[in-house]
Amino acid sequence: MNIRTSMHAALPVLLVSATMTLHAQWINGQNADLVLGQKDFVGNTPGLAADSLSFPVGVAIDPTSGKLFVADIGNDRVLRWGSVSLLVSGDPAEAVVGQPDFTTNGERTTQDGMDFPTDLAVDAEGRLYVADALNNRVLRFDSASWKPSGANADGVLGQPDFTSKTAAATRNGMEYVRGLAVDDAGRLWVSDQRNNRVLRFDNAASKPNGADADGVLGQADFTSNLGDTSQSGMAQPRGLWVDDAGRLWVAVTFINRVMRFDNAAAKPNGANADAVLGQPGFISSAAETSATGMHRPSGITMDPSGRLYVADFYNNRVLWFNNAASKPNGASADGVFGQTNLTSAVGSATQNGLNLPWGIFFDRTTSTLWVCDDGNHRVLRFSPGGPLSAEEEKSRQPDRFALLQNYPNPFNPTTTITYAVPHTAYATLTVYTVQGEELARPAEGMHTAGLYQIAWDATGLPSGVYFYRLTAGEHTYTRNMVLLR
């Protein structure tokens with residue numbers, strides 16, 4: 001098996017990305033510092049492979065594992081990368097759901113298939129929710145960070161089973177799902193775009209397949225679905241976010257605004273919004289390229305400081321609003337990615353440009369913003385202060401050999417083994433039985449300095465204790481792991 005460097009980084013116990021001080025604020029038009037789906041910052045070709053994307057539109061990170069998920073809409077699949085702390089530009093994904101492998105695409109209405117996945121959300125327990133738009137449903141994958149490629153979903157909302165796809169404007173139906181959010185209480189919020197509403201599912205993980213929603217915003221009841229430009233109405237909602245105070249933020253795409261609902265879970269059906277950005281009031285809807293305007297806002301996210309980020313799709317930019325909850329209606333944005341100022345809207349495939357940005361996600365652990373640059377078929381990462389200098393990159397390299405405990409442990413059937421190499425060296429990672437029989441060499445060859453992450457699959461092996469060993473020159477390290485079926 002060919003080895004690969006996952007990231008020039010410090011040892012996990014000293015992870016720089018998890019503890020680094022933000023050495024600068026965002027600046028208008030700053031460069032991204034990592035790209036996935038392309039080999040560099042100027043490529044923009046769609047593809048079907050582990051390291052390629054075709055119109056990525058949704059991104060989320062599992063808080064339990066740090067793994068990255070991307071909704072690859074053109075290939076009807078969701079790709080999973082390893083821990084974001086270990087990624088380098090151009091890395092391939094480690095697994096895929098919605099398709100059996102990395103070279104298959106095409107829509108399906110099955111328990112393991114998808115048709116136009118548009119958004120993602122991961123709850124505090126590591127459950128992945130997928131907005132499966134043209135199947136008019138939301139799929140749930142439990143323990144998503146450890147699912148093998150092609151795995152079945154564990155639950156479905158919007159349909160009574162995994163083979164139905166009928167659109168409906170009912171309490172348990174959906175039509176063209178486009179946005180998802182999960183709050184701290186485990187409520188799932190769903191942008192039911194063509195029904196012009198947002199549905200709420202309390203204790204979503206415990207819901208049976210096809211369960212009723214518990215609440216609705218944008219409509220007065222569960223059977224109305226007309227679009228409306230008003231304080232309580234919506235027209236084609238997409239991106240959703242629920243902040244730490246329980247405020248629901250909704251990107252209402254076709255009327256070019258973001259609506260805010262305070263204490264959203266307690267709102268009655270059809271309640272009024274409390275504030276709006278992108279428009280001066282609740283009855284206007286014009287598209288604009290300005291500090292106060294938007295043109296088809298799609299994805300939204302927020303950081304712990306209360307800064308709101310909005311993917312302004314047709315303006316080819318991402319806006320940010322500091323202390324967004326305190327902004328008056330129609331307030332100006334405080335900054336922009338993808339453009340150098342708040343009046344430009346030209347799309348580009350560059351290190352600081354965007355072309356039709358859609359899904360976005362702020363990772364609190366690494367303090368980074370992830371952007372699905374849909375038209376450039378890539379996902380970009382922005383870090384405070386921009387890309388690291390050569391000196392900073394060097395400081396992130398490990399300073400000694402190390403073999404870390406696999407995760408998860410116990411596992412079934414896959415686990416991830418992480419090890420560190422401080423300088424160029426020939427290294428071998430070997431897996432043994434307790435009797436000393438060699439089972440596999442997941443990695444062997446010349447390694448450059450860096451932190452490596454290797455997935456090992458124990459399919460076909462019985463439950464029990466296994467050993468894994470890192471050998472590099474005179475250095476040997478051994479740990480044990482438990483396969484539990």
Side-chain angles (χ1 to χ4, degrees), residues 58-64 69 71 118-133 136-144 153-159 170-174 177-193 195-222 232 234 237-252 258-274 299-304 306 308 324-325 359 361-362 364:
V59 58
I61 294 172
D62 182 351
T64 71
F69 295 85
T118 55
D119 201 15
L120 308 172
V122 185
D123 71 12
E125 304 300 322
R127 302 179 188 93
L128 172 70
Y129 293 91
V130 180
D132 192 15
N136 303 300
R137 66 185 185 180
V138 176
L139 297 174
R140 191 191 79 238
F141 294 85
D142 300 338
S143 300
D154 295 284
V156 62
L157 295 171
Q159 300 295 335
T170 60
R171 189 164 185 166
N172 61 0
M174 302 172 185
V177 184
R178 296 303 288 270
L180 299 174
V182 182
D183 65 23
D184 290 341
R187 302 180 191 92
L188 177 69
W189 302 80
V190 179
S191 277
D192 189 13
Q193 180 171 311
N195 285 323
N196 300 298
R197 65 185 185 178
V198 173
L199 298 173
R200 190 190 80 240
F201 294 85
D202 299 338
N203 301 310
S206 65
K207 296 281 192 193
N209 292 347
D212 287 346
D214 295 284
V216 62
L217 295 171
Q219 302 293 337
D221 53 50
F222 291 104
S232 62
M234 298 180 187
R238 286 185 182 170
L240 300 175
W241 190 258
V242 182
D243 67 21
D244 294 341
R247 305 179 190 95
L248 174 69
W249 302 80
V250 184
V252 191
V258 172
M259 302 175 74
R260 191 190 82 224
F261 295 84
D262 298 341
N263 196 17
K267 295 276 194 195
N269 292 345
N272 284 340
D274 294 281
I300 53 178
T301 189
M302 183 172 276
D303 68 24
L308 179 73
F361 184 85
F362 187 87
R364 294 183 173 211

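Note that this is a predicted model, so its numbers are computed, not measured.
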Of all heavy-atom pairs between [X] and [Y], which one has the smallest distance, and what is that distance?
{"X": "A133", "Y": "T118", "answer": "CB-CG2, 3.5 Å"}
{"X": "E125", "Y": "T64", "answer": "C-CG2, 3.9 Å"}
{"X": "N269", "Y": "A220", "answer": "CB-O, 3.8 Å"}
{"X": "V177", "Y": "A131", "answer": "CG1-CB, 3.6 Å"}
{"X": "A324", "Y": "M302", "answer": "CB-CE, 4.3 Å"}
{"X": "A121", "Y": "V182", "answer": "CB-CG2, 3.8 Å"}

Start with the C-alpha distance between D123 and R140, add both sets of side-chain angles, then the distance that settles salt bridge (Lys or Arg N to Asp or Glu O under 4.0 Å), and finish with yes or no. CA-CA 10 Å; D123 71 12; R140 191 191 79 238; over 6 Å; no
Not counting sequence neighbours, which residues clear salt bridge (Lys or Arg N to Asp or Glu O under 4.0 Å) with D62? List them please.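 Applying salt bridge (Lys or Arg N to Asp or Glu O under 4.0 Å) to D62 gives none.
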Checking side-chain contact (heavy atoms from CB on, under 4.5 Å) against V156, which of L139, D132, V138 comes through?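 It is L139, the one option of L139, D132, V138 that forms the side-chain contact (heavy atoms from CB on, under 4.5 Å) with V156.
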[atom1]-[atom2] distance between [X] and [Y], expressed to the nearest 0.5 angstrom:
{"X": "R238", "Y": "D119", "atom1": "CZ", "atom2": "CG", "result": "11.0 Å"}
{"X": "D262", "Y": "K267", "atom1": "CG", "atom2": "NZ", "result": "5.5 Å"}
{"X": "T301", "Y": "L240", "atom1": "OG1", "atom2": "CG", "result": "11.5 Å"}
{"X": "L157", "Y": "M174", "atom1": "CG", "atom2": "CE", "result": "5.5 Å"}
{"X": "T170", "Y": "D212", "atom1": "OG1", "atom2": "CG", "result": "8.0 Å"}
{"X": "N272", "Y": "S232", "atom1": "CG", "atom2": "OG", "result": "5.0 Å"}

May I ask you to check whether over 12 heavy atoms, not counting those of D184, lie within 6.0 Å of atom CG? no
Validation row: [X], [Y] side chains within 4.5 angstrom (heavy atoms):
{"X": "I61", "Y": "F69", "result": "no"}
{"X": "L128", "Y": "V130", "result": "yes"}
{"X": "M234", "Y": "L217", "result": "yes"}
{"X": "P63", "Y": "V122", "result": "yes"}

Salt-bridged, D214 to R200, with N to O below 4.0 Å? no
Please determine whether a side-chain nitrogen of the Lys or Arg among R364 and D244 lies less than 4.0 Å from a carboxylate oxygen of the Asp or Glu.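 Salt bridge present between R364 and D244.
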Please identify each residue that fulfils side-chain contact (heavy atoms from CB on, under 4.5 Å) with [X], with sequence neighbours left out.
{"X": "P268", "result": "A271"}
{"X": "A325", "result": "R247, W249"}
{"X": "A264", "result": "W189, L248, F261"}
{"X": "N195", "result": "A169, E175, D192, R197, N225"}

Polar side-chain atom of Q219 near backbone of N196 as donor-acceptor pair, under 3.5 Å: yes
Could you check whether any side-chain N or O of N203 sits under 3.5 Å from a backbone N or O of S206, counting only pairs where one atom can act as donor and the other as acceptor?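 Checking the backbone N and O of S206 against the side chain of N203, no donor-acceptor pair under 3.5 Å is found.
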Looking at residues at least two apart in the chain, or sitting in another chain, which of them share a ring pair (Phe, Tyr, Trp, His ring centres under 6.0 Å) with F362? Y309
What's the verdict on side-chain contact (heavy atoms from CB on, under 4.5 Å) for F361 and L120, showing C-alpha distance, side-chain angles and the deciding distance? CA-CA 10 Å; F361 184 85; L120 308 172; over 6 Å; no
